[in-house]
Novice: 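A single structure is presented below for examination.
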Amino acid sequence: MKTIFANAIAYPKGALSAMAIRAASSLRLIATTAASISMASLVVTLPAMAASFTQFSFKTNVTASPINDPTGNLLNDPTRDIRLDSVVFNGNTISNFEVVKQAKILQNDTYRLDDGSVLGVLHSGRGPNTPGDNLLGEGPSKPNPTNQDIVNSLGNLNLNSILVTRENANKASIEVSFENPVNTFLFWERGGTPGGAVAGDSDLLVEALDDNNAVVASYKILRQNYTKADYNISTEVIPVLNNGPFNIGSQGIRLDGITTKTLRLTSSNNNGLLAGVPNDNGPDFKIVAAKTVGEPTTIVGALVVGSLGAVLKRKRTVAG
């Protein structure tokens, strides 16, 4: 471009030739095209950038029924409603949450009971006495949940309404979606014996999806990274199980630089029969989301505006 510009101004003042006019026109076309290409490249490239998750710990604040426990191991009545009020991490208190609005079962491997009935490893579970507690609603207690059953189990702030994965077969995989784009995800896992050291005892693969269902970020939640959430639950899945109480572990992950509305959640080798494959040990979990400070949309917007400014400045400089 500099060569064209130099040739254009080499002609005597007031005697700009047709060649110089054509060169100047070409210059304007090149500058405009460069700006268009730069912006188009920016718009196409940004959504396709791979992102990552950052793991963090948080404190869970709940409202739950007290219990008279002479052993001192139980922190609340584990059979009744447990309402999530807020979480605290990095000095911030979050009380505005996004809950699951849609769900899709991708894989639910089956196993056979002694009576011959066949069940998938995914179950909807809740505290045995939650239906009689009016603190807030809960999901169903049933094996072989439908997509809507999973929404009903996860789509509330009752931490005693969870999705259960049994250890009787290999794999379970679902997609869960939120109403709005979010970047922060809070997980609670049903773990060890009350009073014991274990907070969570299972693993879960989390994948963030874009609007085209492509994976843009992936993270494996590991059992050893859970911290105690300071409440207890028991779980009933009629007629499969009624057990507890358990410790609950908590673990958060945050998307860096982007938001998403959909996660894919997968556990594999839950029955431990596949050699060389990690045994995820049947995660029994709750998930709630939030959109926290340092919004990814603001970051992307700043990049777009900054790049546009650079392109326009470059165009003005080239065009004189």
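These values consider heavy atoms only, across backbone and side chains, with no hydrogens, waters or symmetry-generated copies.
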Novice: Indicate yes or no: at least one non-hydrogen side-chain atom of R166 is less than 4.5 angstrom from one of H123.
Specialist: yes
Novice: In the single-linkage hydrophobic clustering (I, L, V, M, F, W, Y; side-chain heavy atoms under 4.5 Å), do L163 and I221 co-cluster?
Specialist: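 In one cluster: yes.
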Novice: Shortest non-hydrogen contact from S141 to V237?
Specialist: OG-CA, 3.3 Å
Novice: When hydrophobic residues are tied together by side-chain contacts of less than 4.5 Å, even through go-betweens, does L186 share a cluster with L154?
Specialist: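 No: no chain of side-chain contacts under 4.5 Å links L186 to L154.
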Novice: Let's go through K142 and N144 carefully: what are the C-alpha distance in whole Å and the side-chain angles of both, what is the deciding distance for side-chain hydrogen bond (donor to acceptor under 3.5 Å, both in side chains) to 0.1 Å, and is it a yes or a no?
Specialist: CA-CA 7 Å; K142 59 179 291 190; N144 291 336; over 6 Å; no
Novice: Using a 6.0 Å cut-off, check whether atom CG of D115 has over 12 heavy atoms from anything other than its own residue.
Specialist: yes
Novice: So, are R223 and D203 salt-bridged, with charged N and O less than 4.0 Å apart?
Specialist: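 A salt bridge links R223 with D203.
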Novice: So, do S65 and N76 sit near enough that their side-chain heavy atoms are less than 4.5 Å apart?
Specialist: no
Novice: Any link between Y219 and Y226 through a network of hydrophobic side chains (Ile, Leu, Val, Met, Phe, Trp, Tyr) touching at under 4.5 Å?
Specialist: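 Cluster IDs for Y219 and Y226 match.
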Novice: Is there a side-chain contact between T235 and L241 in this structure, where contact means two heavy atoms from C-beta onward sitting under 4.5 Å apart?
Specialist: yes
Novice: Between R190 and N243, is any pair of side-chain heavy atoms under 4.5 Å apart?
Specialist: yes
Novice: Verify the neighbour count for atom CG of N96: are there more than 12 heavy atoms of other residues, nucleotides or ligands below 6.0 Å?
Specialist: no
Novice: Looking only at non-hydrogen atoms, find the nearest pair between P278 and N269 and report the distance.
Specialist: O-CB, 3.3 Å
Novice: Describe, in one word, how the ring planes of W188 and F58 are oriented to each other, choosing from parallel (under 30°), tilted (30 to 60°) and perpendicular (over 60°).
Specialist: perpendicular
Novice: Tell me the closest heavy-atom pair linking I105 and P145, and the distance in Å.
Specialist: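 That would be CD1-O, 3.1 Å.
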Novice: For the residue pair T266 and K171, establish whether any side-chain heavy-atom pair is separated by less than 4.5 Å.
Specialist: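 With C-beta onward as the side chain, the pair touches.
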Novice: Could you go through the side-chain hydrogen bond (donor to acceptor under 3.5 Å, both in side chains) check for D85 and N61 one step at a time?
Specialist: CA-CA 6 Å; D85 295 328; N61 296 319; over 6 Å; no
Novice: May I ask you to decide whether D280 forms a salt bridge with K220, counting only side-chain N to carboxylate O separations under 4.0 Å?
Specialist: yes
Novice: Taking all atoms of both residues into account, what is the closest heavy-atom pair of T110 and A169, and its distance?
Specialist: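 Where T110 meets A169 most closely, the heavy atoms are O-CB, 3.5 Å.
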Novice: Might you point out which heavy atoms bring N73 and N232 nearest each other, and give the distance in Å?
Specialist: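 Taking every non-hydrogen atom into account, O-OD1, 3.8 Å.
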Novice: Flag yes if V99 and I174 sit in one hydrophobic cluster, no otherwise; membership is Ile, Leu, Val, Met, Phe, Trp, Tyr, and two members link when side-chain heavy atoms are under 4.5 Å apart.
Specialist: no
Novice: Would you say L157 and I82 are hydrophobically clustered, going by side-chain heavy atoms of ILVMFWY under 4.5 Å?
Specialist: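 In one cluster: yes.
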Novice: Closest heavy-atom contact between S173 and R264?
Specialist: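 In terms of heavy atoms, the two residues are closest at OG-CG, 3.9 Å.
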